Each structure stands twice: as structure tokens, then as C-alpha cells.
Amino acid sequence: TKEEGAETYTVEIAHTSTFTSVFTGLTDVYAQKGTSLRANLPFAYSDGEGEVKVSMYDNGTLLNCYTLAGEVPVWKS
């Protein structure tokens, strides 16, 4: 979604019925709402001018059980 007057998009992706990811600060979005995404195709773009944030949720609860090693999530055990 893009809030009226906002310059960036927020996208929520449902991986399962309870596990979701929310991306904020995206410049352009290529996928339509309700579209199935593919792992090897981009769904959005950032021009690098602003901050992009990714949050992951389980049943609406923000997950903090991972860190990032570069671009790769590393799950805490």
C-alpha cells in the first residue's frame, strides 16, 4: 500500500497463514495485491535514497529470534 502523500510503499507478504513479512520504504512495487510471488523474481524496488525495513511476524507478534549476516537471516537457536 502507499499512503496518500507518501513517497514509499509498504508491502505485507503472507508466507503461511500465520507467518508474514512487512517491507517498508519501497520506491516501486511490481506485484499486484493478491498475486503469488516467486523466490527468483523481484516484487519491489528501492532507489537507495531512503531506509527500507523488513519485519517478520508470527500470528501478529514481531519476531526477534534472528539476526542478519549481510542479507541472510540467521535464526537464533
Side-chain angles (χ1 to χ4, degrees):
T1 60
K2 187 173 187 179
E3 299 295 326
E4 188 170 327
E7 296 182 17
T8 60
Y9 290 88
T10 297
V11 174
E12 181 176 357
I13 296 174
H15 304 281
T16 69
S17 61
T18 61
F19 179 57
T20 60
S21 296
V22 177
F23 298 78
T24 59
L26 299 168
T27 307
D28 291 299
V29 176
Y30 308 127
Q32 297 278 333
K33 184 175 182 177
T35 301
S36 294
L37 301 178
R38 303 287 183 233
N40 62 337
L41 297 174
F43 68 91
Y45 170 79
S46 168
D47 62 11
E49 295 295 317
E51 182 178 46
V52 174
K53 293 183 181 181
V54 179
S55 302
M56 293 189 274
Y57 296 87
D58 181 27
N59 270 334
T61 301
L62 180 63
L63 296 176
N64 63 359
C65 55
Y66 67 96
T67 58
L68 289 178
E71 298 177 1
V72 179
V74 177
W75 299 98
K76 297 177 186 176
S77 53

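Since this is a predicted model, take the numbers as computed values, not measurements.
Listed here is the closest heavy atom pair of G25 and S46: O-OG, 4.4 Å. Nearest heavy atom pair, residue N64 against residue K76, reads O-NZ, 3.4 Å. Counting all heavy atoms, side chain and backbone alike, V52 lies closest to L26 at CG1-CD2, 4.0 Å. Smallest separation of non-hydrogen atoms from F19 and M56: CZ-SD, 3.6 Å. In terms of heavy atoms, I13 sits closest to F23 at CD1-CE1, 3.7 Å. Pairing each heavy atom of S55 with each of L62, the nearest pair is CB-CD1, 3.7 Å.
Among residues two or more places apart in sequence or in another chain, the ring pair (Phe, Tyr, Trp, His ring centres under 6.0 Å) test is passed with Y30 by none. When the side chain to side chain contact (heavy atoms under 4.5 Å, CB included) test is applied to V74, the partners found at least two apart in sequence or on another chain are T67, A69. Taking the ring pair (Phe, Tyr, Trp, His ring centres under 6.0 Å) definition, one finds that Y45 meets it with nothing, sequence neighbours left out.
By the 6.0 Å contact criterion, NZ on K53 is open, its count of non-hydrogen atoms from other residues, nucleotides or ligands being 12 or less.
Taking OG of S36 as the reference point, atom CG of L41 lies at 12.0 Å (rounded to 0.5 Å). Separating the CG atom in D58 from the NE2 atom in H15 is a distance of 11.5 Å, to the nearest 0.5 Å.
Taken together through direct or relayed side-chain contacts under 4.5 Å among Ile, Leu, Val, Met, Phe, Trp and Tyr, Y9 and V22 form parts of separate hydrophobic clusters.
Contact check for F43 versus T35: no side-chain heavy atoms found under the 4.5 Å cut-off.
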Inset, instruction - Step by step, work out the side-chain contact (heavy atoms from CB on, under 4.5 Å) result for T24 and T8. - result: CA-CA 7 Å; T24 59; T8 60; over 6 Å; no
